[in-house]
Peer 1: 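Quick one: the structure is below, questions incoming.
Order of the sequence lines fixes the chain letters, A, B, ..., with proteins taken first and strands second; residue numbering starts at 1 for each chain. Keep in mind that the numbers below use all heavy atoms, side chains included, and drop hydrogens, waters and symmetry copies.
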Amino acid sequence: MKVFILKKRKDFVKAAQEFKVVVNGLVLQAALNLSEKAKDCCFVGYTATKKLGKAHIRNRTKRRLRAAVAMVFPSLAKAGVNYVVIGRHNTTELEFAYLTRRLRDAINEINAQIEARQQSPSEAEEKL
RNA sequence: CAAGGCGGCCGGACAGCCGCGCUGCGGCUUGACCGCAGUGAGGAAAGUCCGGGCAUCAGGGGAACAGGACACCGGGUAACGCCCGGCUGGGAAAACCCAAGGGAAAGUGCCGCAGAAAACUACCGCCGGGCUAUAUGCCCGGUAAGGAUGAAAAGGCGAGGUAAGAGCUCACCGCGGCGGUGGCAACAUCGCCGGCUUUAGGUAAACCCUGUCCGAUGCAAGACCAAGUUAGGGGCGUCAAGGUGCAUUUUAUGCAAACCGGACGAUACGGAGCGUUCUCCCUCCACUCCAGAGGUGGGUCGCAAUGAGCCGUCCGGCAACGGCCGGCCCAGAUGAAUGGCUGUCGGUCCGGGCUUGCCCGGAUUACAGAACCCGGCUUACAGGCUGCCUUGUCUG
RNA sequence: GCGGGUAUAGCUCAGGGGUAGAGCGCAACCUUGCCAAGGUUGAUGUCGUGGGUCCGAAUCCCAUUGCCCGCU
């Protein structure tokens with residue numbers, strides 16, 4: 001599974017509106033991407049807000065998230081999905097192995113949500 | 001050894017595995033591809049407080065006004081509000097430190113409370129005279145030594161002098177002027193003179209005056225390529241070849257630009273040209289204006305290997321800095337590259353052990369991430385190295 | 001990346017060199033059988049932080065921190 005970088009603001013906004021899982025250290029959001037391009041790959045975007053700290057803290061947060069995604073996503077991510085990973089205040093402090101485990105939990109959870117929606121779309125829409 | 005002052009410098013090191021940006025080369029399965037090699041954050045990359053380069057506004061000369069910055073002297077620099085050296089004033093026992101440090105004699109304003117008075121001073125007091133029998137008291141005059149107030153009180157201090165006093169006179173200090181000497185200068189120093197209410201309190205980080213400098217906007221500047229929109233409405237003017245209207249010379253000619261539709265835009269008026277106004281040269285503009293809606297915001301260059309560049313020897317200079325010669329090429333992203341894991345060695349702190357400078361264990365290892373590029377300033381910063389200087393104590 | 005504004009009592013704001021103020025709120029008392037309204041009285045600030053200028057700074061100057069806003 002190939003993983004590419006998400007760039008457009010529009011896609012970030014859409015991901016924030018559809019699926020969301022919060023774990024210790026990070027937040028994972030996702031949205032379906034039905035375009036031809038995304039048929040057999042997925043996109044990932046990273047977010048680190050000004051709340052986290054100054055520039056070097058935000059950069060470090062994104063780096064650790066990228067490193068974690070590089071370990072987890074190639075095996076677990078679903079094709080045709082835009083993921084967004086958001087850093088939290090303790091992303092830079094947690095042990096990397098723990099952070100990776102939590103990201104694995106988060107992606108399994110969010111994939112389950114997506115599959116549930118795909119199997120019974122009408123029911124899911126009622127929920128929303 | 002202790003306490004302190006002033007600089008300069010570093011700001012973890014090495015190795016392994018998995019990854020990332022850029023550049024170069026190679027590969028074929030030509031792509032958001034793979035492989036190899038090289039290279040990859042700071043002293044502040046930060047704050048955006050100054051000064052430049054560069055770019056656009058078509059360009060240039062002059063005058064006035066407005067606005068802003070700066071302000072002892074000399075030097076350095078591309079330039080600066082920066083740096084160096086000096087002067088003056090203030091602080092410290094000293095090494096040293098601090099200073100927006102021009103003009104108050106161009107003008108205006110302000111100086112609360114207190115105090116007689118905050119700038120043409122006179123409450124108490126002191127002295128003289130008068131009224132009154134005397135004292136008290138009152139009136140007139142002289143005075144600014146003393147008291148009191150205040151941040152600040154009209155040169156200070158001592159002596160002479162006087163009714164009491166006063167630069168009224170004199171010495172010293174201070175101040176002003178002239179001259180000599182030293183210094184590029186700020187200024188220092190010596191002498192003479194003034195006789196100081198003929199010396200005009202403070203405040204310019206109050207307005208201001210004087211001198212010097214300053215066009216605006218910032219790489220999201222700007223240049224090019226590609227794609228897309230080029231539609232509707234209102235207003236000015238020209239055209240009589242269509243319709244309409246009017247007139248008739250009666251079916252064609254003339255007039256009319258009011259209306260519908262169409263084709264279009266003047267070598268004149270005028271407008272524009274880097275704060276405002278004026279002026280000179282020069283140049284440019286031939287449709288214009290308004291409102292609403294929708295779309296796009298992609299790529300290349302700018303841009304990173306030639307620069308006020310970095311390193312080193314030597315030379316000049318007290319220094320900032322400059323010069324000769326030699327060597328080097330050193331990040332370039334755009335959802336934005338340095339990360340993850342492991343080991344060894346460091347630094348600092350704590351605890352324990354003892355063989356007293358080693359071992360063991362634990363914690364900690366700052367501030368912080370280039371975005372067009374340089375020169376400064378300012379602010380943040382664990383810990384460490386190093387040079388010089390001052391004072392005190394002890395020993396020789 | 002560039003450029004502005006603001007910070008004063010619990011809240012909303014005045015004050016632009018000379019004793020820090022207003023409204024609302026708060027507390028006590030009066031009024032009432034009780035409450036509200038009304039009346040009387042009172043408390044309350046390191047003037048965001050650190051320096052400087054001045055005799056004297058919330059005010060002027062410099063630096064700094066937080067918050068808010070604008071352009072692209």
Peer 1: Taking a hydrophobic cluster as the set of Ile, Leu, Val, Met, Phe, Trp and Tyr residues connected by side-chain heavy atoms closer than 4.5 Å, whether directly or through intermediates, do A/L76 and A/F73 fall within one such cluster?
Peer 2: yes

Peer 1: Where is the tightest heavy-atom contact between A/E18 and A/L32, given as atom of each residue plus distance?
Peer 2: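 Shortest heavy-atom separation between A/E18 and A/L32 comes out as OE1-N, 3.7 Å.
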
Peer 1: Taking the same atom, C1', in B/G101 and in B/C72, what whole-Å distance lies between them?
Peer 2: 6 Å

Peer 1: Taking pairing as Watson-Crick or G-U wobble with both contacts under 3.5 Å, can you name the mate of C/A14, or confirm there isn't one?
Peer 2: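 No nucleotide pairs with C/A14.
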
Peer 1: Give a yes/no on whether any side-chain N or O of A/H56 is located under 4.0 angstrom from OP1 or OP2 of B/A368.
Peer 2: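 No, no such contact exists.
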
Peer 1: Could you classify B/C207 for me, syn or anti, using a glycosidic angle within 90° of 0 as syn?
Peer 2: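 Anti.
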
Peer 1: Can you measure A/Y46 atom OH to B/A337 atom P for me and round it to whole angstrom units?
Peer 2: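 About 11 Å, once rounded to whole Å.
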
Peer 1: Syn or anti: how is B/G130 classified when any glycosidic angle within 90° of 0 counts as syn?
Peer 2: anti

Peer 1: Which whole-number value in Å describes the distance from A/F73 CZ to B/G340 C1'?
Peer 2: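 Going from A/F73 (CZ) to B/G340 (C1'), I get 17 Å.
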
Peer 1: I'd like to know if the side chain of A/R88 and the backbone of A/V23 have a donor-acceptor N/O pair within less than 3.5 Å.
Peer 2: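 Checking the backbone N and O of A/V23 against the side chain of A/R88, a donor-acceptor pair under 3.5 Å is found.
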
Peer 1: Going by purine N1 to pyrimidine N3 plus the second Watson-Crick contact, or the G-U wobble pair, all under 3.5 Å, which nucleotide sits opposite B/U169?
Peer 2: B/A159

Peer 1: Round to the nearest Å and state the distance from A/K54 atom NZ to C/U65 atom P.
Peer 2: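 That distance rounds to 7 Å.
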
Peer 1: Regarding A/F96, tell me which of base, sugar-phosphate or nothing describes its non-hydrogen contacts under 4.0 Å with the strands shown.
Peer 2: sugar-phosphate

Peer 1: Can you tell me the pairing partner of B/U23 across any strand shown, Watson-Crick or G-U wobble, with both distances under 3.5 angstrom?
Peer 2: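 B/U23 is paired with B/A37.
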
Peer 1: Look through every strand shown and name the nucleotide pairing with B/C224 as Watson-Crick or G-U wobble, where both distances are under 3.5 Å.
Peer 2: B/G299

Peer 1: Quote, to the nearest angstrom, the P distance that separates B/C330 from B/G24.
Peer 2: 14 Å

Peer 1: May I have the distance from A/R64 (atom CZ) to B/C20 (atom C1'), rounded to whole angstrom?
Peer 2: 16 Å

Peer 1: In the strands shown, is B/G85 matched to any nucleotide by a Watson-Crick or G-U wobble pair with both distances under 3.5 Å, and which?
Peer 2: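 Pairing partner, where one exists within any strand: B/C73.
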
Peer 1: Rounded off to whole Å, could you give me the CD1-to-C1' distance for the A/I5 and B/A333 pair?
Peer 2: 12 Å

Peer 1: Quote, to the nearest angstrom, the C1' distance that separates B/U77 from B/A371.
Peer 2: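 These two C1' atoms come out 29 Å apart once rounded.
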
Peer 1: Return the OH to CG distance between A/Y98 and A/N90, rounded to the nearest 0.5 Å.
Peer 2: 8.5 Å

Peer 1: Categorize A/T100 for me: base, sugar-phosphate, or nothing, with a 4.0 angstrom heavy-atom threshold over every strand shown.
Peer 2: nothing

Peer 1: Please give the nucleotide sitting opposite B/C278 as a Watson-Crick or G-U wobble pair, both distances under 3.5 Å, or none.
Peer 2: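 Partner of B/C278: B/G62.
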
Peer 1: Please state how far atom CG in A/L99 lies from atom P in B/G339, giving the value in whole angstrom units.
Peer 2: 16 Å

Peer 1: For A/A67, report the nucleic acid contact type (base, sugar-phosphate, nothing); a contact means any heavy atom under 4.0 Å.
Peer 2: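 If one applies the 4.0 Å heavy-atom cut-off, A/A67 turns out to touch the sugar-phosphate alone, with no base involved.
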
Peer 1: If only side-chain N and O atoms of A/R63 are considered, is one of them under 4.0 Å from the OP1 or OP2 phosphate oxygen of B/A337?
Peer 2: no

Peer 1: Where does B/G43 land, syn or anti, once you apply the within-90°-of-0 test for syn?
Peer 2: syn

Peer 1: Looking only at atom C1', what distance separates B/G201 and B/A154, rounded to whole Å?
Peer 2: 7 Å

Peer 1: Taking syn as within 90° of 0 and anti otherwise, name the glycosidic form of C/C54.
Peer 2: syn

Peer 1: Measure the distance from CG on A/N59 to P on B/G40 and round it to the nearest whole Å.
Peer 2: 20 Å

Peer 1: Work out which heavy atom in A/M71 is nearest to a heavy atom in A/T100; give both atom names and the distance.
Peer 2: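 Heavy atoms only, the tightest pair is CB-CG2, 4.4 Å.
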
Peer 1: Which nucleotide in the list B/A32, B/A370, B/A336 gets nearest to the side chain of A/F43?
Peer 2: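 Nearest to the side-chain atoms of A/F43, counting from C-beta on, is B/A32.
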
Peer 1: Could you tell me whether C/U53 is syn or anti, where syn means a glycosidic angle within 90 degrees of zero?
Peer 2: anti

Peer 1: Does any nucleotide pair with B/C358 by Watson-Crick or G-U wobble geometry, both distances under 3.5 Å, and what is it?
Peer 2: B/G353

Peer 1: Look at the side chain of A/R64 and the backbone N and O of A/T91, then say whether any donor-acceptor pair between them is shorter than 3.5 Å.
Peer 2: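 Present.
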
Peer 1: Should B/U181 form a Watson-Crick or G-U wobble pair with both distances under 3.5 Å, which nucleotide is its partner?
Peer 2: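 When the pairing criteria are applied, B/A188 turns out to be the nucleotide that pairs with B/U181.
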
Peer 1: So, taking the atom named CD in A/Q113 and the one named CG in A/N108, what distance separates them when rounded to the nearest 0.5 Å?
Peer 2: 12.0 Å

Peer 1: Before giving the answer on side chain to side chain contact (heavy atoms under 4.5 Å, CB included), spell out for A/Q29 and A/Y83 the whole-Å C-alpha distance, their side-chain angles and the decisive distance to 0.1 Å.
Peer 2: CA-CA 6 Å; A/Q29 298 175 332; A/Y83 295 94; over 6 Å; no

Peer 1: Classify the side chain of A/R58 and the base of B/G335 as holding, or not holding, a donor-acceptor pair under 3.5 Å.
Peer 2: no

Peer 1: C1' atom, C/G10 versus C/A43: distance in rounded Å?
Peer 2: 13 Å

Peer 1: What is the distance, to the nearest angstrom, from the CG atom on A/L65 to the C1' atom on B/U338?
Peer 2: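 That distance rounds to 16 Å.
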
Peer 1: With rounding to whole Å, what would you report as the distance between C/G5 and B/A69 at their P atoms?
Peer 2: 15 Å

Peer 1: Can you work out whether A/A97 or A/A70 has the more 5'-proximal nearest nucleotide on RNA chain B?
Peer 2: A/A70

Peer 1: Taking only the C1' atom of each, what is the distance from B/C349 to B/A382 in whole angstrom?
Peer 2: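 Between the two C1' atoms, the distance is 12 Å.
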
Peer 1: Considering only the C1' atoms, how many Å lie between B/U229 and B/C260, rounded to the nearest integer?
Peer 2: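 About 30 Å, rounded to a whole number of Å.
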
